[in-house]
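Hydrogens, waters and symmetry mates are skipped; everything else that's a heavy atom, side chains included, is used. Proteins get letters first, then strands, A, B, ... in listed order; numbering begins at 1 in each.
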Number of protein chains: 2
Amino acid sequence: MDELSDKPFSDLAGFLRSCNVTPTAQRIQIARILFAKNAHYSAEDLYIAVNTTEPRVSKATVYNTLGAFVREGLIKEVLVDSSKVFYDSNTTPHQHLYDLDTGEIQDIGPDQITLQQLPMLPAGKCLDSVEVVVKVRKQ
Amino acid sequence: MDELSDKPFSDLAGFLRSCNVTPTAQRIQIARILFAKNAHYSAEDLYIAVNTTEPRVSKATVYNTLGAFVREGLIKEVLVDSSKVFYDSNTTPHQHLYDLDTGEIQDIGPDQITLQQLPMLPAGKCLDSVEVVVKVRKQ
DNA sequence: CTAACTGCAAACGTTTTGCAACTTT
DNA sequence: AAAGTTGCAAAACGTTTGCAGTTAG
């Protein structure tokens, strides 16, 4: 499950270029962390993780880069907590389980949840995505 | 669908009292707007709506009141947009359809969507809720 | 009378922006 | 060279908090 999927870990620069994202040292650094494994990072998490090594990356660049990655579909926003956004490097179809006590986010594979019927969409609209969050807490 | 359900529109003070919420002029005013119909308000929406009439209600009180109402289960938070929280006066089981272009939120009745299978919950955890957001955009 | 609530303004944490210097193409 | 990106600090945004004064029970 938490394996690296189709992200070219060896040629991140080329990968970013192929995604309409100009590769810079900072963006490659951020991509390296983001695509090392499937995980859910807040902007702050990434800001800290990225600054344990050179090159230094500013907060503005972390936000700009995450914005660019989301815009180009390299990562996805996860809305489970009202106080901050999480970024998910797993872009394959899946859902989330959120632990209200610990704040932990876990993936739910498409085989573990089944949506049988969808509502009729408004006229002139198409489906963008279906997001399911299963919230759990201690018994 | 958007009918007033079981909220006692006539005796809001008594209703609030029965929900462990001390009824004050401000809270009754907020409740009046919130429970007039099933709708999705941001804190700012409510702050504006509540201040078209007496008594004046401060932003702090709007937030405190919404917090109290959520804590006591009178309303529910809806997370569809990363930039702000929406508050839903419909507490019956239902899901949401979110229009990415307009920001509009619509209810999806339990008859319009079917979740067939849920993942196994972590040990020692119980289900709190399952939130589904169907996101649509223009074709 | 006491506990709870209110308004205000200040503080908070997250995210965005303006701009001059610097890379990428 | 032109276009795009970076860092910094400042600003903006939604939301929370501290506190003196007010209201509910």
Inset, instruction - Could you check which of C:dG7, D:dT6, C:dT25 has an atom nearest any side-chain atom of A:P23? - result: C:dT25
Inset, instruction - Write down the distance between CG (B:L66) and P (D:dG14), rounded to a whole number of angstrom. - result: 14 Å
Inset, instruction - State whether A:Y47 and A:K59 meet the cation-pi test: NZ (Lys) or CZ (Arg) under 6.0 Å from the six-membered ring centroid, and within 45° of the perpendicular axis. - result: yes
Inset, instruction - Take the protein atom CG of A:L16 and the nucleotide atom C1' of D:dG4, then report the distance between them rounded to whole Å. - result: 14 Å
Inset, instruction - Indicate yes or no: does B:K84 engage B:E44 in a salt bridge with an N to O separation below 4.0 Å. - result: no
Inset, instruction - Would you kindly give the CG-to-C1' distance between A:N51 and D:dT6, to the nearest whole Å? - result: 13 Å
Inset, instruction - Flag the pair A:K125 and B:D99 as a salt bridge only when some basic side-chain nitrogen lies within less than 4.0 angstrom of an acidic carboxylate oxygen. - result: yes
Inset, instruction - Using only side-chain N and O atoms of A:Q26, determine if any of them is under 4.0 Å from OP1 or OP2 of C:dT23. - result: no
Legend entry - Nearest-angstrom distance from the residue atom NZ of A:K84 to P of D:dG14: 19 Å
Inset, instruction - Please determine, for the side chain of A:A43, which listed nucleotide (C:dT15, C:dT6, C:dC8) has the closest atom? - result: C:dT15
Legend entry - Electrostatic pair B:K138:B:D101 at N-O distance under 4.0 angstrom: yes
Legend entry - side-chain N/O A:R56 vs D:dC8 OP1/OP2, d < 4.0 Å: no
Inset, instruction - May I ask you to evaluate whether A:T24 reaches the phosphate of D:dT6, defined as a side-chain N or O under 4.0 Å from OP1 or OP2? - result: yes
Inset, instruction - Verify the distance criterion only: is there a donor paired with an acceptor across the side chains of A:T61 and A:N64 at less than 3.5 Å? - result: no
Inset, instruction - Take the protein atom CG of B:D81 and the nucleotide atom P of D:dT15, then report the distance between them rounded to whole Å. - result: 10 Å
Inset, instruction - Ignoring backbone atoms, establish whether A:T22 has a side-chain N or O less than 4.0 Å from OP1 or OP2 of D:dT5. - result: yes
Inset, instruction - Would you tell me if any nitrogen or oxygen in the side chain of A:T61 comes within less than 4.0 Å of OP1 or OP2 on D:dG7? - result: yes
Legend entry - Length of the OH-C1' vector between A:Y47 and C:dT15, whole Å: 14 Å
Inset, instruction - Would you mind reading off the distance between A:I28 atom CD1 and D:dT5 atom P, rounded to a whole angstrom? - result: 13 Å
Inset, instruction - In whole angstrom, give the distance that lies between atom CZ of A:R27 and atom P of D:dG4. - result: 11 Å
Inset, instruction - May I ask you to verify if any side-chain N or O of B:R17 is less than 4.0 angstrom from the OP1 or OP2 atom of D:dG25? - result: yes
Inset, instruction - Using a heavy-atom cut-off of under 4.0 Å over every strand shown, decide if A:S82 touches base, sugar-phosphate, or nothing. - result: nothing
Legend entry - Any A:Y63 side-chain N or O less than 4.0 Å from OP1/OP2 of C:dT16: no
